[in-house]
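Below: one structure, written as structure tokens.
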Amino acid sequence: MILNTHKKNLAAARLQAIAAILLLGANQAFAAVPQQAQAAQSGSQQTQPTPDAPSTATTGTPTPTLAQQAQQLAQQSISPQRPFHVSMPHSHNPIAPYRPSTVPELDLNNSPRLANLIRDGKIYISLNDAIALAIEDNLDLASFRYNLPTALADLARTKAGGSTNGVNTSISSPLGAVGGSSAGGGGAVSSGAAAAGAGGLVQSTLGEGTFVNPFDPVLTVKGYVDHTKTQELNTIVVGVPLLETNTIAYTTQYTEYFPSGTGIQWTLNGQRQTSNSPLNIVDPSITLYWQVYVAQPLLAGFGFGTNERWIRIAKRNLQITDYAFKAQVVATVTGVEDIYWDLVNAYEDEQIKERSLAYTNQTLSDDQKQLELKAIPAMQVMTDQAAVAAAEGNLTISRTNLRAAEFFMKNAITKADDPTIDAMSVIPLDTKGISDPNESKSIDDLIAEAEKNRPDVSQDQIGMQIARENLKAVNNALLPQLNAYGFFGGTGNGGPLNPNCNQGPTYCTTTLPSTTPGVLQDAFNYSAPEYQVGFTLNVTLRNRIQKADQFRAQLAFRQSQIAYEQQKKTIRFDVRNSQFALQQAQGRIEAAQKARDLAQRTFDITKQEQKLGAKSSVDTLIAESALAIAESALYVAQTQYEKAKVDIDRATGETLERTGVSIDDAKAGIVTHAP
């Protein structure tokens with residue numbers, strides 16, 4: 001009886017001791033959780049440390065981070081780079097217009113900025129570095145730069161009276177970005193691109209009107225030498241049965257048209273002819289004729305408005321191309337920012353998966369030792385092995401995603417493939433973006449900024465102006481063709497007396513000049529003038545073709561007005577959608593942060609309970625896996641948040657201002673002002 005009572009007391013004491021130990025462990029665990037949560041919360045409010053960067057010393061002079069060291073090195077040692085410059089051909093050499101022009105060879109060398117970011121076989125890159133490299137090396141932007149001199153060449157063509165060939169203004173985003181390699185670079189596509197030459201199967205009435213003659217003067221010179229023998233049936237006419245003539249003749253003509261529609265033509269014809277006819281008074285005979293002809297359209301084709309329409313279109317196209325280049329820079333910078341944050345997410349996810357694999361391997365090693373001591377069943381080790389296999393698979397997928405993100409980044413910031421660079425890892429230095437002022441702006445302010453800053457709005461406005469101005473030329477083409485003209489000319493004839501003339505001294509004499517200078521003088525001294533004034537009227541009965549074109553041009557103008565209003569509505573929707581996406585991204589971060597903190601607390605408690613014997617390693621592995629998933633979800637939410645800030649900057653047209661990108665630097669292909 002006493003022995004049984006003693007055993008019961010001993011068992012109760014042991015239970016009380018175990019309960020006390022468990023209670024003490026739980027108190028310690030819960031006491032540590034608020035501190036960890038507070039530390040995590042404060043850490044989330046500060047800029048996260050850069051990957052692979054050495055920690056800053058707590059005392060003495062702070063050691064620069066790896067990101068700071070890389071940026072300082074890049075700023076100090078960037079080699080000079082040849083800027084992009086293609087000028088219009090111009091020369092005082094009179095034969096230069098008839099020789100082909102050349103364009104400088106392509107420079108496909110990667111920017112020296114990239115070499116300065118390489119350390120220990122890795123590329124350490126910040127967001128600003130990525131933007132600067134994209135401006136200098138991205139091939140989409142490099143190709144678009146040639147559109148600017150193309151628009152200038154098109155303008156030069158129209159100044160000579162030619163029609164516009166148009167300029168391609170389609171926008172491309174870097175491969176791997178949202179909407180990569182698609183027109184528009186995100187958001188709405190400007191309808192003003194059609195004015196700059198974006199073509200299709202449907203022909204446009206843009207530029208329709210009367211024919212515009214070239215404004216460049218044309219000089220035509222023709223000369224020939226002719227020898228002819230003719231058998232004559234009637235010798236009374238020429239005096240010989242076989243007439244032989246030798247002729248030297250030339251024609252010179254100068255033609256020029258002006259933007260007013262006026263055309264002038266100056267013609268000079270000369271001929272020297274000898275023959276064996278004894279009936280000719282002079283031999284050789286010299287003839288000279290000149291004429292000045294002036295024509296002016298009075299209805300269709302009259303005035304600068306219709307004859308300079310191609311020049312106005314080309315000038316508008318030049319403006320559209322300039323705005324389109326800005327849109328291409330925005331698309332490139334936006335795409336690179338998206339790619340960069342995807343790279344950050346992939347890099348962080350790989351770090352999480354590596355830590356998870358390391359923990360599962362350590363757990364497997366510990367449990368294998370416990371199995372050797374027969375402290376745990378073999379099934380637990382098999383569970384650990386399955387967890388290791390799953391962690392290895394997750395790490396493989398994460399590394400593959402990281403390699404893809406690195407590939408997209410290197411593709412966006414390089415001109416040419418380099419096997420050495422292709423094999424390098426890319427380490428992002430910025431893991432968190434700066435605050436964006438658009439986060440706190442009202443939707444009305446954002447829409448106002450978008451309508452003021454977005455280049456596609458300006459493109460559409462110019463497109464409407466082109467369509468409105470085009471109506472004037474189309475309306476002019478409806479009129480009949482009424483041209484007034486006039487010409488004035490003179491003729492000179494002469495030559496030395498024919499020594500073979502057999503018609504007697506009375507007939508074989510003449511008062512005509514015997515020399516070429518005398519003939520030339522008679523041609524211009526009003527001794528044998530010719531002048532004429534008149535008009536020509538050409539009326540197309542029913543005029544159905546021009547009437548249909550004019551009516552279609554009116555319809556096209558109304559459509560351009562609708563397209564402009566539709567574009568404004570699309571921009572408003574785009575801005576609202578971007579703001580909603582930003583707000584949603586902010587909410588996802590808060591939810592993901594709470595989930596991650598909860599998973600961290602669960603893991604810490606489970607790990608502590610495992611040490612006390614209340615939980616097994618399987619429970620800890622499950623908690624650690626949940627923690628890894630929560631951490632990955634948090635980084636995904638942070639990436640979406642950063643990309644949402646990038647998108648709202650694009651939607652409001654403030655990408656270049658926020659990133660500090662200079663359009664002049666983008667046109668030159670060299671970043672002189674760090675973003």
Under 3.5 Å, is there a donor on one side chain and an acceptor on the other for [X] and [Y]?
X: Ser662; Y: Asp664; result: no
X: Asp665; Y: Thr672; result: yes
X: Gln640; Y: Arg588; result: no

Is any side-chain heavy atom of [X] less than 4.5 Å from a side-chain heavy atom of [Y]?
X: Leu402; Y: Leu343; value: yes
X: Arg576; Y: Ile443; value: yes
X: Ile135; Y: Thr332; value: no
X: Phe325; Y: Leu141; value: yes
X: Gln351; Y: Glu354; value: yes
X: Pro174; Y: Asn138; value: yes
X: Phe144; Y: Ile171; value: yes

Review item, side-chain donor-acceptor pairs of residues 407-417, under 3.5 Å, at least two apart:
from: Lys410; atom 1: NZ; to: Ile421; atom 2: O; distance (Å): 3.2
from: Lys410; atom 1: NZ; to: Asp422; atom 2: O; distance (Å): 2.8
from: Lys410; atom 1: NZ; to: Met424; atom 2: O; distance (Å): 2.9
from: Thr414; atom 1: OG1; to: Lys410; atom 2: O; distance (Å): 2.5
from: Lys415; atom 1: NZ; to: Asp107; atom 2: O; distance (Å): 3.0

Looking at [Y] and [X], is any side-chain nitrogen of the basic one under 4.0 Å from a carboxylate oxygen of the acidic one?
X: Lys594; Y: Asp597; answer: no
X: Asp349; Y: Lys353; answer: yes
X: Asp460; Y: Arg454; answer: no

message: Show every salt bridge (Lys or Arg N to Asp or Glu O under 4.0 Å) that has at least one partner inside residues 624-638, sequence neighbours left out.
response: Arg355-Glu631, Arg596-Glu631
task: Write out all pairs satisfying salt bridge (Lys or Arg N to Asp or Glu O under 4.0 Å) with one or both partners inside residues 335-345, taking only residues at least two apart or from two chains.
output: Glu337-Arg658, Asp342-Lys643
query: Who passes side-chain hydrogen bond (donor to acceptor under 3.5 Å, both in side chains) against Gln461, sequence neighbours left out?
result: Tyr564
- prompt: For Glu439, which residues count as a side-chain hydrogen bond (donor to acceptor under 3.5 Å, both in side chains) partner, sequence neighbours excluded?
  reply: Gln586, Tyr641
- request: Would you please test Asp120 and Lys122 for salt bridge (Lys or Arg N to Asp or Glu O under 4.0 Å) and show each step?
  value: CA-CA 6 Å; Asp120 301 328; Lys122 298 180 181 180; over 6 Å; no
- request: Tell me, with the steps shown, if Asn401 and Glu350 meet side-chain contact (heavy atoms from CB on, under 4.5 Å).
  value: CA-CA 9 Å; Asn401 293 335; Glu350 187 201 34; over 6 Å; no
Pairing residues for Lys315 by the salt bridge (charged side-chain N to carboxylate O under 4.0 Å, His left out) criterion, not counting sequence neighbours: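 Applying salt bridge (charged side-chain N to carboxylate O under 4.0 Å, His left out) to Lys315 gives none.
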field: Sidechain-backbone polar pair: Arg113 side chain, Val671 backbone, donor-acceptor under 3.5 Å
entry: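 At least one qualifying donor-acceptor pair exists.
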- request: Over 60° means perpendicular and under 30° means parallel, so classify the ring planes of Phe603 and Tyr359, tilted if in between.
  value: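 Aromatic pair Tyr359/Phe603 classed perpendicular.
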